[in-house]
Novice: 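Structure incoming, see below.
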Amino acid sequence: NEETTYIEQIPGFEKADPKRFVLRLKKCLYGMPHAPRAFKRKMDLVLSDMGFKRLVTDQCVCIKVDADTGDRIVVANYVDDGVIMTKNEAMREEYKAGLKKAFHKVKFFDNVDGILGVAVRQGVDDDGLRYVELNQHKAIVDVAKVAGVEGTRAVATPMGTDKLEKYEGPPVDGPGWQFSSVRGAT
């Protein structure tokens, strides 16, 4: 289901009478409102052609399992950012080659410090096992700052109801922010 997009002719580059004719885009341009959706559709086709299966529980995560070795590669995408995880170097290189073939400009970083507000730390534990640690501390600090609650004490989650008190006073005027705008602060 491709969307058809038309734009006005650019002044100085008119091909015909600009009052009667517009241009149809052959492909979606970065920055247009529907560009992320168009890119996701294309990425889904590319991954499907490469043998990946999308998780039912998370539409941004795809997995491919090698039938011979049982090794797997996990790909998590969000618009045009993504993370790949696998211990199989051949699967990693095959994935990279497939993306390079499908898209003109692709950048790969072997080690990342973070993606989409999530800090990423890799290491080896005392038993020699490799691990990946993900945390959102910076995002939480940024949201607290925007909400004006920085410096308050932290509480573990899930928090027990024994720590809550029922408020029976008058309605409280908020600081003028909505949760969705604070969440977008990171």
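In what follows, every heavy atom counts, from backbone to side chain, and hydrogens, waters and symmetry copies are set aside.
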Novice: Is Leu45 close to Arg41 at the side-chain level, that is, under 4.5 Å between some pair of heavy atoms?
Specialist: no
Novice: Which value, rounded to the nearest 0.5 Å, describes the distance between Asp71 atom CG and Arg92 atom CZ?
Specialist: 11.5 Å
Novice: Is Lys100 positioned over the aromatic face of Phe108, cation under 6.0 angstrom from the ring centre and no more than 45 degrees off axis?
Specialist: no
Novice: What are the two closest non-hydrogen atoms of Asn77 and Gly82, and how far apart are they?
Specialist: OD1-CA, 3.6 Å
Novice: Does any part of the side chain of Val83, heavy atoms only, come nearer than 4.5 Å to the side chain of Val120, both counted from C-beta?
Specialist: no
Novice: Could you check whether atom CG of Asp113 has more than 12 heavy atoms from other residues, nucleotides or ligands sitting under 6.0 Å from it?
Specialist: no
Novice: In Å, rounded to the nearest 0.5 Å, how long is the span from CG of Asn135 to CZ of Arg121?
Specialist: 8.5 Å
Novice: Is Val132 linked to Phe109 within one hydrophobic cluster, defined over Ile, Leu, Val, Met, Phe, Trp and Tyr using a side-chain heavy-atom separation of less than 4.5 Å?
Specialist: yes
Novice: Would you say that Phe52 contacts Ile73 through its side chain, given a criterion of any heavy-atom pair below 4.5 Å between the two side chains?
Specialist: yes
Novice: Shortest non-hydrogen contact from Val46 to Gly98?
Specialist: CG1-O, 4.4 Å
Novice: How long is the straight-line distance from NZ of Lys64 back to CG of Asn88, given to the nearest 0.5 Å?
Specialist: 10.0 Å
Novice: Measure the CG-CD distance between Asp125 and Glu133 for me, rounded to the nearest 0.5 Å.
Specialist: 12.0 Å
Novice: Out of curiosity, does Val149 fall in the hydrophobic cluster containing Val141 (side-chain heavy atoms, cut-off under 4.5 Å, transitive links)?
Specialist: no
Novice: Calculate, to the nearest 0.5 Å, the distance between atoms CD and CG belonging to Gln122 and Leu134 respectively.
Specialist: 9.5 Å
Novice: Testing the 3.5 Å rule here: is there a donor-acceptor pair between the side chains of Gln59 and Arg54?
Specialist: yes
Novice: Does any non-hydrogen side-chain atom of Tyr95 lie less than 4.5 Å from one of Thr86?
Specialist: no
Novice: Determine whether Val106 and Met91 fall in the same hydrophobic cluster, where Ile, Leu, Val, Met, Phe, Trp and Tyr are linked whenever their side-chain heavy atoms lie under 4.5 Å apart.
Specialist: yes
Novice: Kindly check if the number of other-residue, nucleotide or ligand heavy atoms within 6.0 Å of NZ (Lys145) is above 12?
Specialist: no
Novice: List the residues meeting side-chain contact (heavy atoms from CB on, under 4.5 Å) with Ile63, not counting sequence neighbours, and say none if there are none.
Specialist: Leu55, Val65, Arg72, Val74
Novice: Could you state the interatomic distance from SG (Cys62) to CE (Met43), rounded to the nearest 0.5 Å?
Specialist: 8.0 Å
